[in-house]
Amino acid sequence: MRGTMRFSRMLLHTLKESPSDADVISQKLMMRSGMILKVAAGIYNLLPLGLRVISKVEGIVREEMNRAGAQEVSMPVVMPAELWKESGRWDVYGKELLRFKDRHDREFCLGPTHEEVITDIVRRTVRSYRELPLNIYQIQTKFRDEIRPRFGLMRGREFTMKDAYSFHATDECAEREYRNMYDAYCRIFERCGLKFRAVEAETGAIGGRFSHEFMVLAETGEDAIASCNACSYAANTERAEIRPPETAISNEPAGPIEAVKTPGKKTVEDVSALLKVAPSRLIKTLIYETDKGVIVALVRGDYELNEMKLCRAIDAEWVKLADEETVRKTTNAPSGFAGPVGLKADIWADHGVRGMVNGVTGANAADEHLINVCEGRDFEAQFADLRVVVAGDACPRCKGALEIFRGIEVGHIFKLGTKYSSALSATFLDETGKAQPFIMGCYGIGIGRTAAAAIEQNHDEAGIIWPGPLAPFSCEVVPVNVADEGTKKAAEALYHALQEAGCETLLDDRDERPGVKFKDADLIGIPVRVTIGERNLKQGLVEIKERRAKEARLVKVEDAAAAVMEALKTRLPGS
RNA sequence: CGGGGCGUAGCGCAGUCUGGUAGCGCGCCUGCUUUGGGAGCAGGAUGCCGGAGGUUCGAAUCCUCUCGCCCCGACCA
């Protein structure tokens, strides 16, 4: 990468207004600052300024991966269907996997991830436990035909990802590498200047048993995370556990169970309003179809069921809300009037339902509900943590309470086990000469998403405020008026001095009015700006302003380069 | 895939209801003036009005079909 650049020569066009299709701040600012240019839905050109930032992120990732002992390779974007059929994912991956045929009518796909290919590499090269462990990574383009791409680089269809895969002879070794990657990821995101949390997460389509997501905290994040206010527990809300409440002994006298007419009132709000009962007194009854048969799930009216928790609780492969027909068959009533009383089915209930007295449920008859329903007396259920976490819920690990934050998932680490090595018959010979499948781990980082997340976390009304290590340039030199010979000379001299000092510098040598240059400088967000104007120059001074700071300061022209380097070193390390 | 919306100059938009010379702001080009927070004046260029059919003397405008894009939902490392 060339260290310095003249604005007048750079392919860099800023916009005063945001393109109408941008809807999060990072996307708006990336488009306005001329970093990216859209080609199609979820597909972008990276223009010079944008590429410089992406290269910075890649550089940090590469350094830390290498330091952690991983080796870089490059795998193809296009891959044959055979590998995916071998792993079984050709049939399960769905439409996100973009498939096509070549001229010989052979099936191919664009790689959305590379477990198959890397496993193929290793099974064809590694023979012995002596060659393990191994951690192989690449920084490469992925394609996932997302249903709805959005938010610019945050959720594109084509995107750059660092994906690493490790191979081990033993579980302990895989565990160590997981830890090693966890630490490397922390270093990477720290170096990027991001505020983040590592949280426990679901494993999704990649498979495997447990995983951590690295979340950059930001209001616009697509994920919600629960984080304990007292201990270090943090988890994606898809997974976050809730400490079961102490069973409250209600001293409310239990009333006689009774049916009431509730014509057409199917939702919690409707029933609650009609009967003048708080939603928390209602028992929501959900009928699920699962690979273990029909399951009835109960959750308090003011809570939401978490399907993944239900899945885990009943040890099912999948669960799916039952259709109208199944509901009728199970409850003898149209949907909206289901209740646990008298139901002949496998009933699971969230802890919040335990000990409920005088609750309200459907009567398993059209247009009817039951009041004064008591858990234990009128129905029985197996209890589990089944609901979606909400702010204030009890931490599963300590006495603290959970807070909910929004976050952007920038990294994800998985323990894969032998899922892919077994499927692809990738084995090594152990000490006893016996063939064993590799134990694998998998570790991803969204490169473009990390850059976008940095903007979400670092901007103001005027534009981007790059963390030093990600900034496309470290310093911008702004001559106020290039028509003035003295100004121009001083700017050129400083530009060359900074170049000599190894500082990546952008010289705004355009014949534009100062206001235009200042607005662009703020928008682009380079950490340090040196303004050179006739007025100050007469006193032998130039102005240094840090993008993040409100105030500028004056230094002697001859000290300017040194002052810039000093600012970068002391206050903006890594720039 | 379901619901909603939008395609008019590089960008942001008006014009469409009620058919009749294609507009505005920003940007771009030329010249002069100006030079510390998106300058002023004067001149100028730029449109398959997303595409294809149709109705009509005449279509950006009405009808049909199509493609693309955006939002909400379902889905998803």
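Below, chain A is the first sequence line, B the second, and so on; all start at residue 1.
- Between the side chain of Glu512(A) and the base of rG38(B), no donor-acceptor pair under 3.5 Å is found.
- As rounded to whole Å, 12 Å separates atom P of rA39(B) from atom CZ of Phe518(A).
- Atoms CD1 (Ile147(A)) and P (rC69(B)) sit 15 Å apart, rounded to a whole Å.
- Here rA77(B) sits opposite no nucleotide as a Watson-Crick or G-U wobble pair (both hydrogen-bonding atom distances under 3.5 Å).
- Side-chain N/O atoms of Asp522(A) and base N/O atoms of rG37(B) include a donor-acceptor pair closer than 3.5 Å.
- Distance Glu461(A) CD to rG37(B) P: 18 Å, rounded to the nearest Å.
- Nucleic acid contact for Asp163(A): none, since no nucleic acid atom lies under 4.0 Å from a heavy atom of the residue.
- Between the side chains of Ser26(A) and Glu456(A), at least one donor N or O sits under 3.5 Å from an acceptor N or O.
- OP1 or OP2 of rC71(B) sits under 4.0 Å from a side-chain N or O of Arg148(A).
- Nucleotide rC62(B): paired with rG54(B) (Watson-Crick or G-U wobble, both distances less than 3.5 Å).
- The residue Gly444(A) sits apart from the nucleic acid: no heavy atom pair falls under 4.0 Å.
- Pair assignment for rC17(B): none, as no Watson-Crick or G-U wobble contacts are both less than 3.5 Å.
- Among the nucleotides rG37(B), rC70(B), rG27(B), the one closest to any side-chain atom of Asp23(A) is rC70(B).
- Comparing rG37(B), rC70(B), rA77(B) by their closest approach to the side chain of Phe159(A) singles out rA77(B).
- Distance from the side chain of Arg529(A) is smallest for rG37(B) among the nucleotides rG36(B), rC69(B), rG37(B).
- The phosphate of rA77(B) has neither OP1 nor OP2 within less than 4.0 Å of any side-chain N or O from Lys142(A).
- Ring centroids of Phe438(A) and His168(A) are separated by 6.0 Å or more, keeping the two rings apart.
- With rC71(B), rA77(B), rG36(B) as the choices, the nucleotide that has an atom nearest any side-chain atom of Glu543(A) turns out to be rG36(B).
- A donor and an acceptor atom, one from each side chain of Tyr443(A) and Glu177(A), are nowhere located under 3.5 Å apart.
- The side chain of His412(A) sits closest to rA77(B) out of rA77(B), rU35(B), rC75(B).
- In the model, Thr237(A) has no side-chain atom that pairs as donor or acceptor with a side-chain atom of Arg239(A) under 3.5 Å.
- A donor N or O paired with an acceptor N or O is found under 3.5 Å between the base of rG38(B) and the side-chain atoms of Arg32(A).
- Atom CZ in Arg535(A) sits roughly 12 Å away from atom C1' in rG37(B) (whole-Å rounding).
- Between Leu97(A) atom CG and rC76(B) atom P there is a gap of 15 Å when expressed in whole angstrom units.
- Regarding Arg449(A), its CZ atom lies at a distance of 15 Å from the P atom of rC76(B), rounded to whole Å.
- A straight line from CD of Glu146(A) to C1' of rG73(B) spans 16 Å, rounded to a whole angstrom.
- Regarding Met154(A), its CE atom lies at a distance of 15 Å from the C1' atom of rA77(B), rounded to whole Å.
- Counting non-hydrogen atoms under 4.0 angstrom, Lys517(A) reaches nothing in the nucleic acid.
- For Ala41(A), taking side-chain heavy atoms from C-beta onward, the closest of the listed nucleotides rU35(B), rC70(B), rG38(B) is rC70(B).
- The side chain of Arg513(A) places an N or O atom within less than 4.0 Å of a non-bridging phosphate oxygen (OP1 or OP2) of rA39(B).
- Using modelled atom types and a 3.5 Å distance limit, the side chains of Asn306(A) and Glu238(A) yield no donor-acceptor pair.
- In this structure, rG2(B) and rC72(B) make a Watson-Crick or G-U wobble pair, each of the two defining distances being under 3.5 angstrom.
- When the C1' atom is compared between rG47(B) and rG15(B), the two are found 15 Å apart, to the nearest whole Å.
- Side chains of Thr487(A) and Asn481(A): a donor-acceptor N/O pair is absent below 3.5 angstrom, by distance only.
- Proximity note for Lys16(A) (side chain, C-beta onward) versus rC69(B), rC26(B), rG36(B): the nearest is rC26(B).
- A donor-acceptor pair shorter than 3.5 Å can be found between the side chains of Tyr165(A) and Asp163(A).
- Spacing of C1' atoms, rC13(B) relative to rA60(B), comes out at 15 Å, to the nearest Å.
- For the pair Lys95(A) and rC1(B), the criterion of a side-chain N or O lying under 4.0 Å from OP1 or OP2 is not met.
- Glu409(A) and His412(A) share a side-chain donor-acceptor pair at under 3.5 Å.
- At a cut-off of 3.5 Å, with distance as the only test, a side-chain donor of Ser227(A) or Arg197(A) sits close to an acceptor on the other residue.
- Heavy-atom nearest nucleotides on RNA chain B were determined for Leu523(A) and for Lys38(A), and the one closer to the 5' end corresponds to Leu523(A).
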Are any protein N/O atoms closer than 3.5 Å to N/O atoms in nucleotides 2-12 of chain B? If there are, list each pair with its distance.
residue, atom, partner, partner atom, Å
rG12(B), OP1, Ser20(A), N, 2.9
rG12(B), OP1, Ser20(A), OG, 3.4
rG12(B), O2', Glu17(A), OE2, 3.2

